[in-house]
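Have a look at the structure below before the remarks.
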Amino acid sequence: MPLYLPIAEMSMNMALVIGLGAGVGFLSGMFGVGGGFLMTPLLIFAGVPPAVAVATEANQITAASVSGAIAHGRRGGVDYKMGMVLVAGGAVGSFLGARLFTILRSAGQVDLLISLSYVVFLGTIGALMLWESVRAIQRASRRDAPLPRRRAHRGIAHRLPLRMRFHKSKLYVSVLAPLAIGMLVGVLAAIMGVGGGFIMVPAMIYILGMPTNVVIGTSLFQIIFVTALTTVLHSVSTQTVDILLAMLLLVGAVVGAQVGARVGMKLKAEQLRALLALMVLAVGARMAYGLLVPPADLYSLGAVH
Amino acid sequence: MTRRRGNWRGVAWLLALAVAAWAAPTGRPAAANDLLADLSQDRIEIRYSFAGATLLLFGSIPQADLPHGAARHLLVTVVGPAKPTVVRRKGRVAGIWVNTDAVTFDQAPGFYFLAATAPLETVLDQSSRATLGIGFDHLPVGAPHGPGSTIAPDAAAPFRNALIRRNRAADLYQQRIGGIEIIDDGLFRTDVPLPATVPVGAYTVTVFLVVDGRVAARKTIPMRVDKSGFERTIYTLANERPLLYGLAAVVIALVAGWGAGVLSRQ
């Protein structure tokens, strides 16, 4: 059944949209990630204007993160103080990202910004994850190997000034480190249409040294606020948030995530991470392909903003 | 549904015209001297299920006062709302394909349809086509200008061609030679296919009757394309109250996400 999307100004098959949501929801449920880094490129490949894909996906991520954040909050898995610091940084980042997005959109370079961000971030993160998980798989086969040290006790977060105590995370670290992490994630949310968990979670563990039991909940807490702000900023500056598209994707994603979570429990953690890393790299490679291959038509049309 | 109703209305019109023509074969009723035309719909509504539409244009050609053996031709144009459109050209920079040049045309129509009973060269000469803006070569798209200044027409030509090529590929610009059906020497009809991406706004439909290379009569009919219902509410809110729209989007997302979580736990 064709469905006309009022903001994207195009007709899309409703089953395709819900199926896309379900597919990405399945993978995000299986790997325990937000899925924005998959959904935004898939929407672009399906013909949705990149600016609409990014802004709409920010809105969808808000919805997709709510129930997880509530669940983690109930069982004490959210460090609210750390969360607020990350939100403060994220707000600044989201604002800067949305400004950059608007400026480059009128200069006709926003598609390039989105593609390059995907290539750089997914390429880097995917390669690191793959390396780490392959080593973990090798370690698991040699049982005698020592476990890696998980927390960075004397990292940069401890050497910077303005230290602050975070009781929940049992940390006394510089407030500048979580502010900077939050800010980077905010910029990515605004220009890539992602929650940024794939950057934030490793940064919280390896740079801040947060205990793993509060990492997921706190990152979801930050993601809700930052993607909500990103949605409002994009609505005001570029009018590219398509509520209808976001809600249809959510319907599919909720169902898909339930199934995915069950399948994910049957796989080993390091195998899951290796699979996720390959997927991240594949999306990054597809984006790079789009930049490297000569386009079928060198010319393209755009509205004047 | 809407389309079918539209076609029936068109058929009814054609029948009425046919009856009128048959009932007064020798008389000179005023109507028979005029170029008559109407549309199956003067308003296209874009709803949630919109996947394009076909507009039916129909009418009758005046029979009287035409020199015997004169070459009669019809031209139909449908021109959508003009808006500034930027055409960008990619170039290779450091190995990747990047938009490097851009030319903006101030008045590019968002939709352009042309149908003719014969090849354009046989219908009208070059200068008349240029004056009337008939055909892609003469389509008025506004003055080209770059990021700061105006651009010479020569430099803008590839961009103008690309504007037309890309819009034709998207079915937003169409040209149909022989796309007008003449029924029974006086009645005509043509289908105007509107793609799903058709822009909203005011359209002008014009029928030209060309006799021996000169425009003998013309008839102009206004038409509108609008979003309606839910699509219209969303679109209007997003563009006129963007802050409210953004906040509403967030509230809906929070409620939907919370509700979805509750449902999926059960």
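In what follows, every chain begins at residue 1, and chains take the letters A, B, ... in the order their sequences are listed. Atom set for the values below is all heavy atoms of this structure, side chains included, hydrogens, waters and symmetry mates excluded. As the structure is a prediction and not an experimental result, all values here were calculated from the model.
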Side chain, backbone, both or neither of [X] within contact of chain A (heavy atoms, under 4.5 Å):
X         : value
Lys83(B)  : neither
Ala102(B) : neither
Phe159(B) : both
Ile46(B)  : side chain
Pro158(B) : both
Thr104(B) : side chain
Asp101(B) : neither
Arg241(B) : neither

So which of [options] has the biggest tally of heavy-atom pairs under 4.5 Å with chain A?
options                                    : answer
Ala260(B), Ala249(B), Gly261(B)            : Ala249(B)
Val255(B), Leu254(B), Thr233(B), Asn161(B) : Leu254(B)
Ala170(B), Ala238(B), Gly91(B), Ala108(B)  : Ala238(B)

Can you tell me if CH2 on Trp97(B) sees more than 12 non-hydrogen neighbours from other groups inside 6.0 Å? yes
Side chains of [X] and [Y]: does their closest heavy-atom pair fall under 4.5 Å?
X         : Y         : value
Leu3(A)   : Phe50(B)  : no
Leu291(A) : Val98(B)  : no
Glu231(B) : Tyr4(A)   : yes
Val304(A) : Thr85(B)  : no
Glu9(A)   : Tyr235(B) : yes
Ile7(A)   : Tyr245(B) : yes

Measure the spacing between [atom1] of [X] and [atom2] of [Y] and express it to the nearest 0.5 Å.
X         : Y         : atom1 : atom2 : value
Ile234(B) : Leu244(A) : CD1   : CG    : 6.0 Å
Ile96(B)  : Leu116(A) : CD1   : CG    : 4.5 Å
Leu163(B) : Ser300(A) : CG    : OG    : 11.5 Å
Met10(A)  : Thr197(B) : CE    : OG1   : 9.5 Å
Leu298(A) : Lys90(B)  : CG    : NZ    : 8.5 Å

Check: [Y] main-chain N/O paired with [X] side-chain donor or acceptor under 3.5 Å:
X         : Y         : value
Tyr299(A) : Arg165(B) : no
Tyr48(B)  : Pro6(A)   : no
Asn99(B)  : Gly108(A) : yes

* **Closest heavy-atom pair and its distance - Val250(B), Asn59(A)** =>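 Between these two residues, the closest heavy atoms are N-OD1, 4.2 Å.
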